[in-house]
Undergrad: 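There's a structure below that I have some questions on.
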Amino acid sequence: MNTIWALTGVVIKELYRRKDFYVLFVLTALITIAAGSVRFFQDPNIVRYVKDLCMLLIWISALLITIATAARQIPAERESRTIFPLLAKPVTRGQVILGKFFGCWLASGLVLVVFYTFFAIVTGSREQYWPVADYFQALMLQWIMLGIVTAMTLLGSIIFAAPSSTVTILFIVVAGILFLGGHLNTVALHNAEPLRSLIYTIYFIIPHLELFDVRERVVNDWGLVSWLDCGLAALYAVAYTGLFLLLTWLAFRRKSLT
Amino acid sequence: MKKPSPYWLLALLLTLCVTLATVFVARAAWWNEVPTAADWNKGQSAADNVFKLLLGEGRRLFGNEMFVMADAYFHSGYYPSIFDRQETEHDVAMPAHGQVEDKNSTSDDFLGPPPDWIAALHRHFVPNMHTHLDDGGPSGHMRETEVQEILPWLKLATDMNPQYIEAYRVGGYWLRRLHKPVAARDFLFEGLQNNPGNSELLFDLGWLYNKDFHDANRARNVWLAALQSWQAQDITTRSSVDGANGKRLYDGITVNLAEVEEHAGNWSQALKYLEMAKQVSPYSNDIQKQIDEARAKMTGQSGAPKP
């Protein structure tokens with residue numbers, strides 16, 4: 001376990017040494033503040049469009065940071081040949097994968113804490129209303145979803161040739177699932193066999209990342225989602241994360257490092 | 001080379017600060033004010049805004065999308081996607097046209113029963129009930145002023161497409177409902193600036209003057225302009241107004257003009273407008289009743305002994 005935590009610590013340190021997070025955070029902050037400073041019909045209390053925009057930017061930024069961080073972990077170790085001394089120590093390939101996974105996942109969690117704190121301050125100062133529990137639930141659900149994305153990206157980084165291709169493919173896949181994943185069952189109904197069965201199969205196979213998107217509820221003040229439903233969604237995420245990590249380990253286990 | 005004393009450097013910096021402060025003081029007044037949407041468009045016509053600069057004429061395509069966003073906000077996010085059954089009428093616009101909000105419209109249950117467990121679980125994480133912002137919102141006890149959240153989208157819809165009359169009308173209506181008659185008037189003015197002589201906008205402006213500013217004279221003049229504008233339109237333009245050859249608008253203008261004249265005691269004018277309304281109104285019997293009452297009052301006044 002100590003080995004895994006040591007690897008995790010290295011990944012987290014890498015996050016704050018790189019500029020990705022700072023650039024995306026400053027961009028998010030600037031766009032949100034610029035949008036928030038515009039007054040429509042001289043009304044200072046209109047706030048939902050700012051919340052909507054800020055949440056969208058948080059989702060895009062968090063996905064970019066998570067995918068970019070996870071995609072370069074193992075390829076970078078191989079390219080700089082630091083993977084050899086790492087594996088020469090009593091560290092197994094499974095531990096490397098788990099260490100990298102927890103490192104990327106915790107790093108994305110830290111990113112979310114910073115982003116949501118900014119979000120809460122900006123919107124709270126404008127509407128004088130602090131639904132902390134709602135924000136916490138949204139953060140937790142997004143973080144759980146990023147666990148699946150991290151595991152998917154680690155698998156991609158083993159399969160695809162370069163981190164750039166992994167980032168591109170994963171971003172397209174994740175965006176596709178978020179936008180279309182939940183509607184594939186409707187699309188399937190409008191198609192004839194065998195396309196219908198094929199689309200249905202994809203619908204039931206893919207991880208439904210859109211389950212964890214509660215932006216609409218947060219923006220429109222719908223209140224908390226039942227914690228039981230959150231627990232079910234978390235179980236669903238744990239299953240998919242475990243599956244992707246297992247596939248990553250299977251692919252990495254016998255992979256030549258030279 | 002001899003290093004200058006730090007005190008000299010400090011003095012130099014202080015002088016620089018004071019000099020810059022005197023230069024910037026004139027601008028600082030503007031900095032302290034929060035910019036408004038209009039500030040971004042200063043020096044340009046209302047339709048000649050930042051969106052035109054970025055998107056050109058293509059921005060008009062997004063006008064309807066912005067209006068749909070307003071309707072989605074009106075439903076607190078409970079709104080059909082492109083994969084679901086679509087809204088036939090936008091609920092956000094219905095009160096603006098004097099129609100009762102349809103609580104059981106298409107969007108009431110556009111989702112239907114969940115087809116599988118994934119869809120069933122998903123519904124717990126998204127807005128899942130048909131509500132309206134002016135009617136308590138999702139919690140049922142939100143203030144009516146929450147409806148203000150739709151306003152940015154209506155403004156953006158008109159910025160994108162300055163010929164989007166519906167967005168001006170709906171925006172004007174909700175601003176009135178929010179007790180902001182001045183903002184409503186300015187918004188309608190902006191619409192008229194981009195669409196000179198539009199009979200629908202003139203009708204709404206007249207309504208605003210009459211009901212919110214209690215200025216019957218100005219209302220009468222604006223409605224007369226609306227009537228002239230309507231009469232000058234060809235049948236195709238009228239049909240595009242309300243789908244009934246524009247008769248509903250004509251009915252509204254003439255009935256309101258009759259009411260104003262009645263209050264002013266101009267019975268013959270009131271009768272003239274009521275006769276005009278009777279020709280197109282679906283409630284011609286009611287209008288006839290009003291005509292009879294007006295005639296009775298007119299004869300009563302003219303036959304009454306002078307004090």
Side-chain angles (χ1 to χ4, degrees), chain A residues 34-53 127 137-138 141 145 179-190 200 203-230 232-233 235-236, chain B residues 33-40 69-70 72-79 81-85 111-112 114-129 131 133 137-139 142-143 145-156 171 174-175 178 180 182-184 186-187:
Chain A
S37 65
V38 179
R39 273 194 194 172
F40 290 93
F41 303 107
Q42 299 297 324
D43 193 331
N45 299 318
I46 298 174
V47 72
R48 283 191 192 176
Y49 76 98
V50 183
K51 286 166 88 175
D52 211 347
L53 180 71
E127 62 180 352
Q137 191 177 61
L141 285 166
M145 185 275 297
F179 287 117
L180 301 171
H183 302 290
L184 283 178
N185 55 350
T186 318
V187 175
L189 286 175
H190 293 98
Y200 254 125
Y203 174 75
F204 282 108
I205 285 177
I206 58 167
H208 284 272
L209 304 176
E210 77 280 359
L211 282 179
F212 306 88
D213 182 2
V214 286
R215 279 180 299 144
E216 289 281 0
R217 290 188 70 95
V218 171
V219 169
N220 294 293
D221 298 329
W222 277 82
L224 286 170
V225 178
S226 145
W227 288 104
L228 180 70
D229 294 321
C230 290
L232 286 173
L235 277 178
Y236 177 84
Chain B
E33 283 172 13
V34 179
T36 64
D39 287 326
W40 303 114
M69 280 301 289
Y73 268 49
F74 188 64
H75 289 95
S76 299
Y78 181 74
Y79 209 69
S81 69
I82 52 166
F83 298 99
D84 301 305
R85 211 148 43 100
L111 294 166
D116 49 69
W117 67 269
I118 295 172
L121 183 61
H122 186 226
R123 288 191 192 177
H124 295 285
F125 296 88
V126 288
N128 50 16
M129 199 170 51
T131 57
L133 263 187
S139 63
M142 273 183 178
R143 286 167 298 138
T145 50
E146 287 292 320
V147 85
Q148 71 200 359
E149 300 293 347
I150 67 168
L151 296 174
W153 299 106
L154 294 172
K155 179 75 182 85
L156 285 173
W174 286 110
L175 282 166
L178 290 164
K180 292 179 178 176
V182 177
D186 292 346
F187 195 43

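Per chain, numbering begins at 1; letters A, B, ... match sequence-line order.
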Undergrad: Is any side-chain heavy atom of Leu133(B) less than 4.5 Å from a side-chain heavy atom of Arg48(A)?
TA: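 Side chain of Leu133(B) against side chain of Arg48(A), heavy atoms only: contact under 4.5 Å found.
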Undergrad: Among Leu180(A), Val187(A), Asn185(A), which residue has the highest count of heavy-atom pairs closer than 4.5 Å to chain B?
TA: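 Highest number of pairs under 4.5 Å: Asn185(A).
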Undergrad: What part of Leu141(A) is in contact with chain B, defined as an atom under 4.5 angstrom from a non-hydrogen atom: side chain, backbone, both or neither?
TA: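 Side chain of Leu141(A) only, per the 4.5 Å heavy-atom cut-off to chain B.
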Undergrad: Does any backbone or side-chain atom of Pro115(B) lie under 4.5 Å from a heavy atom of chain A? Answer side chain, backbone, both or neither.
TA: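 When you check distances to chain A, only side chain atoms of Pro115(B) fall under 4.5 Å.
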Undergrad: Check the surroundings of atom CZ in Phe179(A): do more than 12 heavy atoms from other residues, nucleotides or ligands lie under 6.0 Å from it?
TA: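 No, CZ of Phe179(A) has 12 or fewer neighbouring heavy atoms, counting only those of other groups under 6.0 Å.
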Undergrad: If you measure from CZ on Phe40(A) to CG on Leu151(B), what distance do you get to the nearest 0.5 Å?
TA: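 It is 9.5 Å, given to the nearest 0.5 Å.
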Undergrad: Considering non-hydrogen atoms only, spot the tightest contact between Asn45(A) and Glu149(B) and give its length.
TA: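 Scanning both residues, the minimum pair turns out to be O-OE2, 3.7 Å.
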Undergrad: Between His190(A), Arg215(A), Glu210(A), which residue shows the highest count of heavy-atom pairs closer than 4.5 Å to chain B?
TA: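 With the most close heavy-atom pairs to chain B, the winner is Glu210(A).
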Undergrad: Can you name the nearest heavy-atom pair linking Pro127(B) to Glu216(A), along with the distance?
TA: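 Between these two residues, the closest heavy atoms are CD-CB, 3.5 Å.
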Undergrad: Given that the side chain runs from C-beta out, which part of Ser226(A) has a heavy atom under 4.5 Å from chain B: side chain, backbone, both or neither?
TA: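 The answer is neither part of Ser226(A).
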Undergrad: Tell me the closest heavy-atom pair linking Ala233(A) and Phe125(B), and the distance in Å.
TA: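 In terms of heavy atoms, the two residues are closest at CB-CZ, 3.7 Å.
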Undergrad: Restricting to non-hydrogen atoms, name the atom on Arg217(A) and the atom on Val126(B) that form the minimum distance, rounded to 0.1 Å.
TA: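 So the minimum-distance heavy-atom pair works out to NH1-O, 3.4 Å.
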Undergrad: Sort Ile150(B) into side chain, backbone, both or neither according to what part of it lies under 4.5 angstrom from a heavy atom of chain A.
TA: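 Neither part, no heavy atoms under 4.5 Å.
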Undergrad: Specify the closest pair of heavy atoms between Trp153(B) and Tyr49(A), including all atoms of both residues, with the distance to one decimal.
TA: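 In this case the closest contact between Trp153(B) and Tyr49(A) is CZ2-CB, 4.1 Å.
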Undergrad: Measure the CG-CZ distance between Leu211(A) and Arg123(B) for me, rounded to the nearest 0.5 Å.
TA: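 Between atom CG of Leu211(A) and atom CZ of Arg123(B) there are 12.5 Å.
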Undergrad: Report the distance from atom CH2 of Trp222(A) to atom CE of Met129(B), rounding to the nearest 0.5 Å.
TA: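 Atom-to-atom, Trp222(A):CH2 and Met129(B):CE are 4.5 Å apart.
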Undergrad: Could you pull out all residues at least two apart from Asp229(A) that satisfy salt bridge (Lys or Arg N to Asp or Glu O under 4.0 Å)?
TA: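 Here no residue qualifies.
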Undergrad: Apply side-chain hydrogen bond (donor to acceptor under 3.5 Å, both in side chains) to Lys180(B) and list each qualifying residue two or more places apart in sequence or on a separate chain.
TA: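 For Lys180(B) the side-chain hydrogen bond (donor to acceptor under 3.5 Å, both in side chains) partners, ignoring immediate neighbours, are Asp43(A).
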Undergrad: Side chain, backbone, both or neither: which part of Tyr236(A) has an atom under 4.5 Å from a heavy atom of chain B?
TA: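 When you check distances to chain B, only side chain atoms of Tyr236(A) fall under 4.5 Å.
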Undergrad: Do you know which of Thr131(B), Ile118(B), Leu175(B) has the most heavy-atom pairs under 4.5 Å to chain A?
TA: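 Most heavy-atom pairs under 4.5 Å with chain A: Ile118(B).
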Undergrad: Mind ranking Leu154(B), Asp186(B), Asn128(B) by heavy-atom pairs under 4.5 Å with chain A and telling me who comes out on top?
TA: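 So the answer, after comparing Leu154(B), Asp186(B), Asn128(B), is Asn128(B).
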Undergrad: Just so I understand: if I count every heavy-atom pair under 4.5 Å between each of Ala183(B), Ser76(B), Gly77(B) and chain A, which residue has the most?
TA: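 Greatest number of close heavy-atom pairs with chain A: Ser76(B).
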Undergrad: So which heavy atom on Tyr203(A) is nearest to which on Ala119(B), and how close?
TA: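 Heavy-atom minimum between the residues: OH-N, 3.7 Å.
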Undergrad: Would you call Met69(B) and Asp52(A) a side-chain contact if the rule is heavy atoms closer than 4.5 Å?
TA: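 They are in contact (side-chain heavy atoms under 4.5 Å apart), so the answer is yes.
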